[in-house]
Amino acid sequence: MSKKIFSGVQPTGNLHLGNYLGAIKNFVSLQKDKQNNCIYCVVDLHAITVKQDPKILKKNIRETTATFVASGLNPKESIIFNQSMVPSHSEGAWLLGCVARMGWLNRMTQFKEKAGKDKEKASVGLYIYPILMASDILLYDATHVPVGEDQKQHLELTRDIAQKFNLDFDCKNFLTSPEPLIQKDFSRIMSLKDGTKKMSKSDPSDQSRINMTDDKDLIVSKIKKAKTDSAKLPENDKDINNRPELKNLYGIFSSIQNQALDLTIEEFKGKNFSEFKNKLAEALVEKIYPISNETNKLLNDEKFIDQILLDGSEKAEAIAKKKVNDIKNIIGF
Ligand code: AMP
Ligand code: TRP
């Protein structure tokens, strides 16, 4: 069955292994199925829900786009664009914001985490962030949305908004409720310094993550220094429970090699940590370094990257504008 795929990544710098294994790798495999229509967005309007330096934001928009392309997304096969160049996203967010309920937004855990203790100081944008995300998805009638596990709640909110709109305006099936596509295994990549914390762009320690622009030596040294415990390597999958750092490193290895966790356990049974870490570093260098190298090459040609975004935005706006017009008609404008 043909699927309409939509997903987005924030251009907030430090794109990392978690973004790649949790999301971008999946974007590329979905593009491979020729029946799918894929749309991938650099969500720069979402990025400004927290303070950004204008010059760095511009650089990060290009860097995220370059990483998409270097990872295997092809602008001839998928629509690749940035959100701020398609004004319909903001317009849709306003229209849908009048359908969404405060009570729904108050439950969003990402807002609670990002706003921290002093909620009063968070931007209003950060609070209504999930409505803009719903607009991104619903304007394209997306049927499937590949994301990491942390976005599941936002997808549920998107479905609630779609259903309420259809009900309020008596237009059954007009807005499509999207399905999240969350990888079954290894959907949350954790910090290399603390296996209970998500690998994140905003972690102050660069050692906590493998960035998609790291060179070979840096990848190797980060893996060498990654936190582990002192028990021996696991004999079976029970041995892995309650060992968050080990579980994470085994997950990363399995995901990179496209193999089940059981096989990884079998492969390293009875071996020592340094042997496993060497193999892990090798596998990462083999998969990630070509992407980082290509990203850096692409970044030398800003015009090329800008043209991809311009072309993509034109295609996206044609689709999104039509849907916004339909929404406005239904609302009574
Ligand atoms: P963001 O950087 O927040 O825009 O995230 C882009 C995509 O990467 C989203 O689909 C996230 O769910 C996914 N993602 C971010 N961090 C991780 C992580 N540590 N593990 C798995 N997926 C992640
Ligand atoms: N909120 C997502 C994240 O932080 C990014 C995002 C914005 C997104 N709009 C989207 C993801 C639409 C999927 C679909 O990762």
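Ligands are counted one by one from 1 in listed order, and the atoms in each one are counted from 1 as well. This one's a predicted model, so the numbers in the text were calculated from it and none came from an experiment.
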Exercise. Any idea which residues sit under 4.0 Å from ligand 1, heavy-atom distances?
Worked result: Val9, Gln10, His16, Gly18, Asn19, Gly22, Ala23, Val147, Gly148, Asp150, Gln151, Ser187, Arg188, Ile189, Lys198, Met199, Lys201
Exercise. Using a 4.0 angstrom limit on heavy atoms, which residues are close to ligand 2?
Worked result: Phe6, Ser7, Gly8, Gln10, Val43, His46, Tyr129, Met133, Asp136, Ile137, Val145, Val147, Gln151
Exercise. Does a donor on one side chain and an acceptor on the other come within less than 3.5 Å for Glu149 and Gln183?
Worked result: no
Problem set entry | From Gln83, His46, Gln10, residue fulfilling side-chain contact (heavy atoms from CB on, under 4.5 Å) relative to Cys41 | Gln83
Problem set entry | Test item: side-chain donor near acceptor, Ser205 and Asp203, under 3.5 Å | no
For this session: Mind checking ring pair (Phe, Tyr, Trp, His ring centres under 6.0 Å) for Tyr140 and listing every partner two or more places apart, or none if nothing turns up?
Result: Phe6, His89
For this session: List for me each residue that meets ring pair (Phe, Tyr, Trp, His ring centres under 6.0 Å) alongside Phe186, sequence neighbours excluded, and say none if there are none.
Result: none
For this session: Work out which heavy atom in Arg107 is nearest to a heavy atom in Lys112; give both atom names and the distance.
Result: O-NZ, 4.0 Å
Exercise. Between the side chains of Asn211 and Arg209, is a donor N or O closer than 3.5 angstrom to an acceptor N or O?
Worked result: yes
Seminar exercise, completed: When rounded to the nearest 0.5 Å, the distance separating OG1 of Thr65 from CZ of Phe304 is 11.0 Å
Exercise. For the ring pair Phe268 and Phe253, is the centre-to-centre distance below 6.0 Å?
Worked result: yes
